[in-house]
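Report on the structure given below.
Below, chain A is the first sequence line, B the second, and so on; all start at residue 1. Basis for what follows: all heavy atoms, side chains included, without hydrogens, waters or symmetry-related copies.
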Amino acid sequence: MFSRRWGFGWDTYSELDLFTDRFDTSSETLSQAIRAAASEEPDADGSVLFGHLQGTVVGLRFYTGVVNQGEMVGLVRQPQNPYDRNAVMVSNIFGNQVGHIKRELAAAMAHVMDNNLAKVEGVVHSGTKNSFTMPVMLSFWGQEENKNAVIESLSRRGFKLNSGASKATGASQNSYNQGQGARAYSSKKGLTIPLTADELKNAFDNLFDGLMESKDGEKQAAESVGTPLLPHQKEALSWMCARENKSALPPFWEKRGELYYNILTCFSAKEIPERIRGGILADDMGLGKTLTTIALILTNFHKGKPLPVEKCGERSSPFKAKTKPDMASKLEGSSAGDEAAGSLSSDLPQVEVMDSEDVAVKSEESTSKGKRKATKRQPCKVLLEDLDFAAALGGSAADLGPKKKKNAKKATPTLSEESFISDSAEDLSARTTLILCPLSVISNWLEQFEQHVQADVKLNVYLYYGPERNRNKTFLSSQDVVITTYNVLSADFGNKSPLHGINWLRVVLDEGHVVRNPNAQISKAVLDLKAQRRWILSGTPIQNSVKDLWMLLAFLRLKPFDVKEWWNRVIQRPVTQGDRVGLQNLQTLVKSITLRRTKSSEINGRPLVSLPEKTVCVEQVELSQTEREEYELARNEGRNTIGRYVAEGTVLRNYADVLAILMRLRQHCCHPDLLAKTSSDLGAAATPAELRERLIEKLRLVLASGSDEECSVCLESVHLPVITHCAHVYCRPCIAQVISSEQEKSRCPLCRSEIKANELVEFPQEKMEEEKCANPDRWRSSSKVQALMGNLLRLRCEDSSIKCLVISQFTRFLTILETPLREQGFTFVRLDGTMSQKKRTQVIQEFQSSAADSPSIMLLSLKAGGVGLNLTAASHVYLMDPAWNPATEEQCIDRCHRLGQTRNIFVTKFIVKDSVEENMVKIQKQKQDLVDKAFGSTNTGRKTSRVDDIKALMEL
DNA sequence: ACCGCCGGGTGCC
DNA sequence: ACCGCCGGGTGCC
C-alpha cells in the first residue's frame, strides 16, 4: 500500500491520505490536496449542531491507523472506491486510515456530505473491544437552514439523529474529563458558562500579551553580527535558536510511558511528533525584529553553528563591492506596478545546466546592469563556500551528502548532541534563508543587512525582484539570504516558480499578518514553500479574529492544526462559541510558539528598551487683547447656540453644528486666519441659498481643520467630500451608494435624518481656489505663533544642532507658520497627509540627515505623524494644539521618542489659557475619544456622556 | 425436509 | 469473531 512505505509518523503522506483518493493514481501534490480541501470547506462560523448519531467503523484489521479512547477521527468521502461509491473513510489525526463507515450508514452520510448539507465529525468515545469494528460518535454540523433536510435524509435511510443538546462538541470535552495530563481542564467550575462576547473580545485582544517569558537565557550572537544586541534581543535570539534546534515536544503533546500523547485530540504515537522549527516573533514595532532575525540567520546555521561566512580580509576578493549605493536608486523604477512583472519574464533557458562558474559570470553581468541587485551580491563562490560549510560542520566536504548520517563532530558545547534533531530529518545542504515581505519594507531589510552585518563579512543577499530577477535555482540556493515580496512570490507561483523548487533552510514571513486569507493566491504560494524552519514576524499577529491564526499555524505546519478541519473542531469553533476550554487551548497554543514583548515590557525588572528621558510640559499661552475679544465673542455665540440645543435636548441631532462651533473656537486659539472670513451665525436658515452657504462653511471648517475627519461609511479619510443637509460629511461615492441602495427614503447613516442625492453639497471649486491663495501678503501673527517662535529662537541660540517637530492638526496653521520660520531663516520641511509616498520618504530622509545644511524643523500634520515614521533626528516636539484623542498625540511624539533616539526628548504643548483648549485637556483625561463616542456606538449611556463632554467644553 | 437446528467457514468499503 | 450471515449437512428422543 502506498502509505505504508513511508512508515509511521508526521510524514506528509498523512495529509495526502486524508485528501486524495487512495485509488486515484494521479499525482496530486499534498498542498494541492490541502488547498482543494480548504477552499471547499464551508466556514465553521455559524454552523450549528444538528445532532449525533452512533455509527460503526468497520474493516479495522485492514489498516494501520490506531485510535485512542476519546480521540477525534476524520471522515473522508471516497467516491472512487471500487466497492462502494458511497464509501466514507475514517482516519486518525495523522491521516492514517482507520477503517470505513459501515455501508448502510455510509450511504446515508454520502448523500448528506456530497450535497454539502452538513459536515460530519467523529469521536471514538469508547475503545474497541475487538480488532474488527468499533463504535464512533458522529456529529452533524451545518447551516441552520439545512438541518431539516439532513434529519430527513438520514431518517429516510433509517437513521435517527439525536438532539444536539446533550452531547458536547468533540474530543475536547472528553479530554478534560479524562483528567490526567489535562491540567487546567479539571477546573470544572465555570466551564459550562459560556464566555460573553466582551470576555471573548478581551481575551483576543490579550491573546498575545504576556508571552515574554523566555527561559532560554541570552544567546550570544555570532561574530558576524556587527551591532551589539540589546538584552531583549539576545533573549529573542536564544529563544529562536532554541526553537530551531531543540527537540521539545510540540504543544499539547506529552510523553506517557513509551507513547507520545496529544491531550487535545487524544492521539498517541510511538514516535516523537516532529516539533515546529520556528514560530511567531510578535514583538512590538521598534523592538528590533529585523535585527534579531538577521542575528538568527548569522548565528544559527546547521547544528547550532554560526553561518559560515567569508571574511573579506582573509580571501582578498577583487570583487569586494562594499560600497553602498543608496537604496532609492536601487529600488528606482520598481514601483508596485512592477510586482506582477515577474510572470512576464520567461525562464532563462540555461537555468538547469548552469554550473557554479556560469552562475558567477551570470550574476556579475546582472550586477553591472541590474539596479535591483542587492549590494553585497558577489561573484559566486559556491565551491569555496561549500568547503567553509563543510568545515563548519566539522567534517570534510566529502562528508556532505544525504547518505552520510553520522555526526562528524560534536556541535557547540553549550547544547548537548541529543537536543538537536536527528540528522535524518535535516537536510544539511539547505543554506538559504528566504525572506518575504511587503514591498514597502524591502528597503528596510536591505538597509538593516548593510547596517548590522560586520563590515568585513561577505554575506550573500539577493533581492529577488523586478523583471530581470535571476530565476536560476542553483544560483538562488547558493545565496545566504534571498529577499522578495509576497506579490513576486505569488506571481511566480504555478509558473515554474524557482522559489518553490528550493529547499530553504528558513523561510521568514515579515509582517506575517498580511497573509491572512487562506484562499488568497499569496497564501497558497506561501504554504507551498519547502523549508526546514519557518518564522513569522508580526507586530499584530491577530488583526480581527481567531480565524486569522489558522494561516499562521498552517504555515508553521503545527500539526494537526494545519489541517483546517482539526483547527476548526478543536480551536476555532469552541472559541467562537464561547467555550472556555477552547480559549485556554488557544492560549496555550499561541503561547507555545510565540514570543511577544511590548515597549512597556520589562526584562529582569528593567524596561526592555531604555529610551532617553521624555519631559512633557504645557506652556500656557495668553491671548492678546484683540484675540481675547474675538474669542469671547465667538464663545458667547457658540455657548448660546449649544445652550439652546442642550435645553432642547437636540445636541446630538445638531452635532455637526456643535463640532463646528468647537472647531472655530479651537482655531481662534491658534490663529485668526484659520477661521472663515464670513462668520455665519448658526440660526435656522432663512433661504435655501443661505442654508447652502452655511453648509459650505461647515464643510470648509471640516476640510480646513486637517484633523482626522473620516467617512463613517468607508471609515477612511474622506475622499471627494460632500456635506448633507444634516451637516454630516461623507465621501461622495460612499453616501451616493447609501442613497441608491435604500428602497424608499434614504437616511443619514449618522443621524437618520432623511437625505437626498440632489441635496448633497460639495465644496465649490472657485472657493477652493480662494482658499489656496488666501492673502499671503497680509500675513499676521498670533499669540501662539509668537510663543512657538520664542521657543525656537531660544533653542537655536542654545544649540543649533537640535531638530524640532512642530505638530498641528490644522494643516493651514502649518502653512501660516511657514512665513515666520522663513523670515527667521530656519530651514524646514513639511510633512502632511496630502503628500505622495515618494515625497514623504524624500522629506523624511532630508530631515533625518545629519548634514549641516539639513532642515532643523519639520512641520508635521498630526494625522500624517501616525505609526511607522522614524523621525529620531528630532528631540524637541511642539504640539501646537490639543487633539481630541491624546493617543494621537502620543503616537506623534513617539515618532522621535523611539529606538535610535539618543537625546532626551522635550515636548511642549501650547494651550491657550481660559479657553476651550484647557477644557479639552481636562476631558482628555477621561481617555474616551470624543469622536469615537460620536460615531462609534449607539449606546445611549455614552451619548449622554458625550453631551456632558460638550457642556464641559463650553462651560455650560 | 418446500422446514429448523447445528457447526464450520467466513468477514470493510 | 464473545457477533451475523451464508450454505451445507443433517434429521425422533
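Separation of the C1' atoms belonging to C/dC5 and C/dA1 is 12 Å when rounded to the nearest angstrom. Across the P atoms, C/dG8 and C/dG4 are found 23 Å apart, a figure rounded to whole Å.
Atoms CE and OG, on A/M72 and A/S91 in that order, are 11.0 Å from each other to the nearest 0.5 Å. Annotation: the span from A/R431 atom CZ to A/T433 atom OG1 amounts to 10.0 Å, rounded to 0.5 Å.
A/F159 is not listed as a side-chain neighbour of A/M109, based on a closest heavy-atom distance of 4.5 Å or more.
Shortest non-hydrogen contact noted between A/R277 and A/Q532 is CB-O, 3.4 Å. In plain terms, the two heavy atoms of A/T594 and A/V590 that are nearest each other are OG1-O, 2.7 Å. When all heavy atoms of A/P251 and A/L589 are compared, the pair lying nearest together is CG-CD1, 4.0 Å.
For A/N81 and B/dC13, a side-chain-to-base donor-acceptor distance below 3.5 Å is present, hydrogens and geometry of angles not being considered.
If you measure from atom CZ of A/F132 to atom P of C/dC3, you get 13 Å, rounded to the nearest angstrom. In this structure, A/E104 atom CD and C/dC5 atom P are separated by 11 Å, rounded to whole Å. Rounded to an integer number of Å, the gap from CG of A/D84 to C1' of B/dC13 is 6 Å.
Crowding of A/E145 atom CD: a count of heavy atoms from other residues, nucleotides or ligands under 6.0 Å exceeding 12.
If you run side-chain hydrogen bond (donor to acceptor under 3.5 Å, both in side chains) between A/N81 and each of A/R77, A/R85, A/Q78, only A/Q78 comes through.
Of the residues in residues 105-115 of chain A, none has a non-hydrogen atom less than 4.0 angstrom from any atom of DNA chain B.
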Check the interface with nucleotides 8-12 of chain B: list each N/O to N/O pair with the protein under 3.5 Å, or write none.
{"unit_1": "B/dC12", "atom_1": "OP2", "unit_2": "A/R61", "atom_2": "NH2", "d": "3.3"}
{"unit_1": "B/dC12", "atom_1": "O2", "unit_2": "A/H100", "atom_2": "ND1", "d": "2.8"}
{"unit_1": "B/dC12", "atom_1": "N3", "unit_2": "A/Y63", "atom_2": "OH", "d": "3.0"}

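Both distances falling under 3.5 Å, in either a Watson-Crick or a G-U wobble arrangement, occur for no nucleotide opposite C/dC2.
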